[in-house]
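One structure is given below, encoded as structure tokens.
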Amino acid sequence: MIKGIRGFKDILPGEVSTWQWVEQKAREIFHLYGYLEIRTPALEKLELFIRGVGADTDIVQKEMYIIPDPREGDMALRPEGTAPVMRAYVEHQIYARGDHKDRPYKVYYIGPMFRHERPQAGRFRQFHQIGAEVLGVEDPLVDAEVLALLRDFLTGLGVQDFQLQLNSVGCTNCRPAYREELKKYLKEHLNELCENCQARYERNPLRVLDCKNPTCREVVLQAPLIRDFYCSICKDHLQKLENLLQALNITYLINPRLVRGLDYYMRTAFEIVSSKLGAQNAIVGGGRYDGLSQDIGGPPVPGIGFAMGIERLISLLEIRPEGYIPDVFIAALGKEAKQEAFLLQNQLRSAGITAEIEYQEDRSLKSQLRTADKLKAHFVIMIGEDELKTGELTVKNMREGTQEQIKREEIIQHLKGKKITHGSFLP
RNA sequence: GUGGUCGUGGUGUAAAGGUUAACACUCCAGGUUGUGGCCCUGGCGAGUGCGGGUUCGAGUCCCGCCGAUCACCCCA
């Protein structure tokens, strides 16, 4: 038997209705907030992620699916969505278009991402993200807007258990000084750090801050904090954002040790975590990346965005939509009636009524009703010898247990007057 | 990439190294005429992830591989 690839999951019809519901809700909220969908390819030049996400990040160093191609150069399945969006923005010179010179460019995407990690609860090699980016505006107003959107989206899905963690990771002006200070501090405690962090000390000392190793955590507790090093712009940015969040009644927690694993973040960085998720507890991650455009060869363009893991989001959903439920099940007895049932089914569907028939030969009425019950059909139309003779069909309401005789020609009109459900329910 | 646990019909479980692998759910057929759910009766369905080994005998023990799961790591 040929099996699917490790970490790559089939999403079967039973779950797809939940996915569709989530995606539909996302599209509604993005529309409300003025975001348009963007669709970028699953494959990009490897270079984009090395320069965008950062050569030293785990994503680039060990998690990418790389496709070597001597003709086109190395390519990679996208491990995240922000760099590709920025690439498209720069490539199509959106920044130069009149309609976006001083209006933000707001886009969202929904699609698969790929990272070669060891699968675990909430972690897959192909996973799906709903993400959004706001390009071209530096003002913390857009930071707040993005967070408001997220809050509204999650509560709209009935998700209760989440916490917004916020930090500012500074900018190219103030981070270097902090970095030096942090290194100075870490140097004194180098032998107390885990192996991993000893390596990080040189390449990316900030990452030591959110190491989960207990002894590292202890060291970090006394470490200098970036907030004592913010330049006036960063300080101001964070202060304004906090004021806006408070004005919007968005609850958040400042986590001064929140550091994100992608190099492009600056100033605002945030995560939304849930205690119901286990080790992989982040359902959303995001922040501001004002340097990204230049990193990939574009003009200076400020930006902020987030990505949300759909699998993780779905795993903490308490409400789920029902799948397909037929309005009508047609039970037929005998060959002639079966033919009649098939034709009736077709007419019902033309009228927008969902209908199912029995496909097996010679099943008793009893078993056909059983099937109708299992399908949760609202009505059963019975066709047998009597009905064929009189031209009146028996219509049974399965929810009420009542039934009546309806003339064949009037059946559609009759059902249309019955407030039928059209096949499926969304919460 | 590292470590722990696990792998039995479609699903969930059971089977001290010893008959023909059991039970529940699902599914099918019945419980007298053409009426669902509940209940009752009967039936279909696996040879135990894959490959080796130990043993008279392996679902059970050992080794390897694969997969799942949880944690580390990292992140959504």
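Only this structure's heavy atoms are used, side chains among them; waters, hydrogens and symmetry mates stay out. Letters A, B, ... are given to chains in the order of the sequence lines, protein chains preceding strands, and every chain is numbered from 1.
Residues satisfying the side-chain hydrogen bond (donor to acceptor under 3.5 Å, both in side chains) criterion with A:Glu145, sequence neighbours excluded, are A:Tyr35, A:Lys106. Checked against side-chain hydrogen bond (donor to acceptor under 3.5 Å, both in side chains), A:Lys407 has no partners two or more places apart in sequence or in another chain. Residues forming a side chain to side chain contact (heavy atoms under 4.5 Å, CB included) with A:Phe342 (at least two apart in sequence, or on another chain): A:Gln345, A:Ile357. Listed by chain and number, the residues in a ring pair (Phe, Tyr, Trp, His ring centres under 6.0 Å) with A:Tyr252 amount to none (sequence neighbours excluded). A:Phe8 meets the ring pair (Phe, Tyr, Trp, His ring centres under 6.0 Å) test with A:Tyr65; sequence neighbours excluded. Take A:Asp161 and apply the side-chain hydrogen bond (donor to acceptor under 3.5 Å, both in side chains) test, not counting sequence neighbours, and it matches A:Ser274, A:Ser275. For A:Gln403, the side-chain hydrogen bond (donor to acceptor under 3.5 Å, both in side chains) criterion is met by no residue, not counting sequence neighbours. Scanning for ring pair (Phe, Tyr, Trp, His ring centres under 6.0 Å) contacts around A:Tyr89 gives A:Tyr105, with sequence neighbours left out.
Within the structure, the ring-ring contact (aromatic ring centres under 6.0 Å, His included) test picks out the following pairs touching residues 179-198 of chain A (sequence neighbours left out): A:Tyr185-A:His189.
Remark: side-chain polar atoms of A:Thr354 are paired, donor with acceptor, to backbone N or O of A:Asp327 under 3.5 angstrom.
For the OP1/OP2 pair of B:rC28 and a distance below 4.0 Å, the side-chain nitrogens and oxygens of A:Lys366 include no atom meeting the criterion. Using a 4.0 Å cut-off, no side-chain N or O of A:Arg115 falls inside it from OP1 or OP2 of B:rC75.
Using a 4.0 Å heavy-atom criterion, one finds that A:Glu385 contacts the bases of the nucleic acid, with or without backbone contacts as well. The residue A:Lys9 sits close only to the backbone: its heavy atoms come under 4.0 Å of sugar-phosphate atoms, none of a base. A:Gln61 comes within 4.0 angstrom of nothing in the nucleic acid, heavy atoms only. Contacts of A:Ala307 with the nucleic acid, taken as non-hydrogen atoms under 4.0 Å apart, involve only primed sugar atoms and P, OP1 or OP2. Looking at heavy-atom distances under 4.0 Å, A:Met113 makes no contact with the nucleic acid at all. Residue contacts for A:Glu80: at a heavy-atom cut-off of 4.0 Å it reaches no nucleic acid atom on any strand shown. Nucleic acid contact for A:Ser367: sugar-phosphate only, since backbone atoms but no base atoms lie under 4.0 Å from a heavy atom of the residue.
Remark: A:Glu117, A:Arg118, A:Gln120, A:Ala121, A:Gly122, A:Arg123, A:Phe124, A:Phe127, A:Gln129 in residues 117-131 of chain A come within less than 4.0 Å of RNA chain B through at least one heavy atom.
Nearest to the side chain of A:Ala282, among B:rA76, B:rC72, B:rU35, sits B:rA76. Set against B:rG34, B:rG36, B:rU69, the side chain of A:Arg370 has B:rG36 as its closest nucleotide. Side-chain proximity of A:Asp386 to the nucleotides B:rA76, B:rG34, B:rG37 is greatest for B:rG34. When distances are taken from the side chain of A:Ala279 to each of B:rU35, B:rA71, B:rC73, the shortest belongs to B:rA71. Closest contact between the side chain of A:Thr394 and the listed nucleotides B:rU35, B:rU69, B:rG36 involves B:rU35.
Base orientation of B:rG67: anti, since the glycosidic angle falls outside 90° of 0.
Looking at A:Glu181 and A:Lys184, a side-chain N of the basic residue comes within less than 4.0 Å of a carboxylate O on the acidic one, giving a salt bridge. Ion pair A:Glu138/A:Arg267 flagged as a salt bridge, since at least one NZ, NE, NH1 or NH2 atom sits closer than 4.0 Å to an Asp/Glu carboxylate oxygen.
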What nitrogen or oxygen pairs link the protein and nucleotides 24-27 of chain B at under 3.5 Å?
| residue | atom | partner | partner atom | Å |
| --- | --- | --- | --- | --- |
| B:rC27 | OP1 | A:Lys374 | NZ | 3.4 |

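Between the side chain of A:Gln368 and the base of B:rG34 there is no donor-acceptor pair of N/O atoms closer than 3.5 Å.
RNA chain B forms stems at B:1-7 with B:66-72, B:10-13 with B:22-25, B:27-31 with B:39-43, B:49-53 with B:61-65, each a run of 3 or more consecutive Watson-Crick or G-U wobble pairs whose two key distances fall under 3.5 Å.
Residue whose closest nucleotide on RNA chain B sits further toward the 5' end, between A:Arg6 and A:Asn397: A:Asn397. Taking for each of A:Glu400 and A:Gly285 the nucleotide of RNA chain B with the nearest heavy atom, the 5'-most of the two is the partner of A:Glu400.
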